[in-house]
Amino acid sequence: TSAPVEPTSAPVQPTSGPEPTTPSPTPGSTPQTSATWGIDRVDQRELPLNQEYSVSGTGAGVTAYIIDTGVQTSHNEFKTASGSRASFGINTSGDGNNNDCNGHGTHVAGTVGGKTYGIAKDVNIVAVKVLTCGGSGSTAGVIEGINWVMLNAASTEGSATANMSLGGGLNSATNNAVRMLHDSGVVTVVAAGNSNTDACNSSPAAEPRVITVGSTTINDARSGFSNHGTCLDIFAPGTDITSAWIGDDAATKTISGTSMASPHVCGGAALLLETDADAESVTETLLSTATLDKVTDVRTGSPNKLLYVGATGPTNAPTPAPPTPAPTPCTTPSIEVEVTTDNYPAETSWKITNSCNNVIVGSGGDYTEANTIQTYSLCVPQAQYTFVISDTYGDGMCCSYGDGSYKVEYKEGIYEGTEFGSEESHTFGSCDALQSSAPVEPTSAPVEPTSAPVEPTLAPLEPTSAPVEPTLAPVEPTSAPVEATSAPIELTSAPVEATLAPVEPTSSPVEPTSAPISDDVLIYGSAFDNDSDGFMNSNKYKRNAGFEGGGALRIKKKQKVKRWVGNVNAYTRIKIEFMFKASKKVVNGEGFMVMVEFNSSAEESIVWLKKSGEEANDNSFVKQLWYAESIVVPTPDNATDIRIQFKGLENNISNGGYNIDTVVVHGY
């Protein structure tokens with residue numbers, strides 16, 4: 001289900017699974033010291049991390065195809081005494097630039113096979129560029145890249161694996177293409193997606209034959225953005241992953257997403273392929289040797305399996321993730337916001353709305369520190385957006401009371417200001433982009449749930465003359481490339497007809513889908529693994545304060561946290577679910593409430609209120625226990641967005657606090 005917990009008035013107690021025994025040291029390997037947390041986690045069964053990475057194998061003689069934005073092949077992570085283990089394969093993105101000018105693909109490749117940040121440190125890397133510098137690509141171009149990999153691997157000596165840290169709406173043609181690639185002998189690993197919803201509603205994540213990877217945090221919690229469900233095969237580290245980046249050949253970057261998780265697993269596949277295992281046994285081994293019952297909040301239907309590449313069984317690796325807002329890289333043009341507060345920071349607030357569907361994609365405010373710079377990076381689909389900045393006192397941000405300012409960057413446009421009175425706005429982008437570009441987004445950690453990127457459709461490609469250095473796939477392809485389609489179709493058992501002749505892609509793009517169709521549609525959800533996820537004030541975020549060790553929002557006394565959630569106009573009712581726990585310092589009679597406001601009406605309504613007491617009932621709770629709550633609010637006519645606010649009661653005087661976790665909003 002899409003809801004994180006079943007509504008209940010009873011306390012929710014954390015559970016834990018069986019603890020596998022600690023593996024013996026891996027024979028014949030020299031541990032890598034000061035290892036980054038992702039590769040460190042997958043070579044051991046238990047926490048805490050030991051800052052080492054030790055496996056028996058390097059992926060030598062295996063080729064990993066990185067189907068992404070390209071790879072900076074000159075990067076130090078891939079250098080050898082005779083040159084580089086990374087090479088360019090083909091560019092089907094249509095941009096004519098055979099370099100990685102985005103960074104996402106280089107980061108993914110570094111996790112698969114970088115000498116410092118990689119799982120399989122001697123694997124050969126082949127760049128298959130299907131996404132442009134902006135991170136988008138045609139559906140036909142993506143499938144063309146997949147088909148090229150299948151044909152190239154069949155004519156290249158050695159075993160092969162492929163990573164796809166991209167995805168979009170459910171599409172049979174895409175699923176058929178990756179299935180054929182996997183069945184041809186190229187072990188295919190894909191990202192689950194970053195919409196915090198059912199992975200079965202996106203492609204290629206929904207294809208059963210490939211390995212679909214979800215993302216975890218350093219505390220073994222499911223990343224709040226990670227998709228989940230029965231189509232998921234395994235989890236791997238995907239939050240705050242450091243790897244190679246573009247620019248300088250020593251450049252690195254730390255980002256998040258299932259795009260960062262899947263390359264761990266792809267690297268693990270390379271380690272197994274080095275032992276001459278076939279594609280089928282590689283999948284079986286990765287799943288059978290995974291560490292069980294360590295991931296918290298896996299959601300209904302998800303396997304509680306965490307990638308393991310240590311001493312018992314072949315080495316495996318974590319999952320990929322698509323780029324999104326900070327701290328992860330974005331594959332569509334991101335919106336960059338910089339706010340420098342003046343002497344009265346609390347007066348300033350801002351929000352950005354997608355003008356094409358009236359969804360709020362980002363906001364900020366309730367600032368507490370004067371004369372400080374606040375930066376935000378929002379990964380959003382290509383569309384038209386309106387930025388509005390407000391000052392409650394009506395004197396802008398300059399100049400009598402400090403030197404405040406703001407700057408917004410989108411594509412080539414820069415919008416900035418200081419003196420604007422009560423409010424100033426800028427509109428940029430175009431709704432036409434939704435009809436014309438049909439981007440396929442690499443998957444990476446989202447700031448907010450956004451619509452799924454457009455799925456590629458299959459188009460066959462004859463082998464090209466571009467040389468591919470690495471060694472690859474052992475098996476001849478079993479069938480011809482899948483023909484391209486131009487519109488999304490429901491996943492069925494009937495395969496898309498194969499053809500030996502190239503099929504010209506059609507011009508109509510595949511429309512993205514944003515959520516599974518049901519009576520209960522997810523609008524917003526967060527487990528606060530990395531930050532306050534749009535709730536203001538962001539300084540109310542506390543790491544390790546959430547249910548089973550994740551992050552949480554925390555308020556004391558009369559403090560409050562709030563955020564706008566858009567796209568409510570299609571529903572007659574809104575359901576708000578959350579978890580909370582009161583600290584032991586809370587005094588009986590103190591508590592907090594939930595308030596909502598529609599369309600900046602300034603008419604807030606209290607929709608939930610409870611106080612600390614001796615027993616738990618409809619009006620009170622017991623301290624130091626986690627509770628799961630559910631509220632249903634009717635949607636007024638013409639409502640487009642809702643502000644949700646958690647606020648301490650006026651009579652709160654103690655230093656007790658309230659931790660709020662796993663906030664989910666659904667529409668009916």
Side-chain angles (χ1 to χ4, degrees), residues 69 93-97 101-102 104 130-142 166-169 195 322-326 329-338 350-364 376-389 406-417 420 423-444 446-457 486-488 505-515 564 566-570 640-641:
T69 63
S93 72
D95 69 357
N97 184 340
C101 37
N102 178 279
H104 188 258
V130 299
L131 303 175
T132 65
C133 301
S136 63
S138 70
T139 57
V142 172
L166 50 80
S195 299
T324 49
C330 190
T331 55
T332 53
S334 63
I335 302 176
E336 306 295 328
V337 181
E338 179 181 292
W350 60 271
K351 68 177 180 179
I352 298 177
T353 304
N354 183 327
S355 306
C356 308
N357 58 15
N358 208 32
V359 173
I360 297 174
V361 298
S363 59
Y376 308 81
S377 181
L378 308 177
C379 187
V380 294
Q382 295 194 56
Q384 184 181 80
Y385 295 93
T386 299
F387 169 84
V388 179
I389 188 164
Y406 71 87
K407 180 169 70 173
V408 181
E409 297 183 50
Y410 182 65
K411 295 185 177 179
E412 303 302 319
I414 299 178
Y415 314 90
E416 52 192 339
F420 53 82
E423 185 176 282
E424 189 162 75
S425 65
H426 300 281
T427 298
F428 40 85
S430 171
C431 293
D432 293 339
L434 298 175
Q435 315 303 325
S436 59
S437 61
V440 176
E441 308 288 348
T443 53
S444 93
V447 168
E448 299 189 4
T450 61
S451 7
V454 175
E455 275 311 308
T457 56
S486 60
T506 64
S507 59
S508 58
V510 178
E511 290 299 321
T513 60
S514 58
W564 284 99
N567 201 28
V568 304
N569 50 301
T640 58
D641 45 53

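Given the structure is predicted, the values throughout are model-derived calculations rather than measurements.
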task = Any chance you could measure Y385, atom OH, to C431, atom SG, to the nearest 0.5 Å?
result = 9.0 Å

message = Quick check: closest heavy atoms across V142 and L166, and the distance to 0.1 Å?
response = CG1-CD1, 4.4 Å

query = Going by atom types only, do H426 and Y406 share a side-chain donor-acceptor pair under 3.5 Å?
reply = yes

query = Side chains of S355 and T386: is there a donor and an acceptor less than 3.5 Å apart?
reply = yes

task = May I ask you to test the D641-T353 pair for a side-chain heavy-atom distance under 4.5 Å?
result = no

request  = Over all heavy atoms of both residues, which pair between W350 and I389 is shortest? Give the atoms and the distance, please.
outcome  = CB-CA, 4.0 Å

message = Quick one, V408 and F428 - any side-chain contact, counting heavy atoms below 4.5 Å?
response = yes

ask   = What distance do L131 atom CG and C101 atom SG have between them, rounded to the nearest 0.5 Å?
value = 10.5 Å

message = Rounded to the nearest 0.5 Å, what separates atom OH in Y410 from atom OG1 in T427?
response = 12.5 Å

Shortest non-hydrogen contact between E424 and G417, atoms and distance = OE1-CA, 4.3 Å

request  = Enter the distance from E409:CD to I335:CD1 here, rounded to the nearest 0.5 Å.
outcome  = 11.5 Å

query = CG/N102 to CG/N97 distance, rounded to the nearest 0.5 angstrom?
reply = 11.0 Å

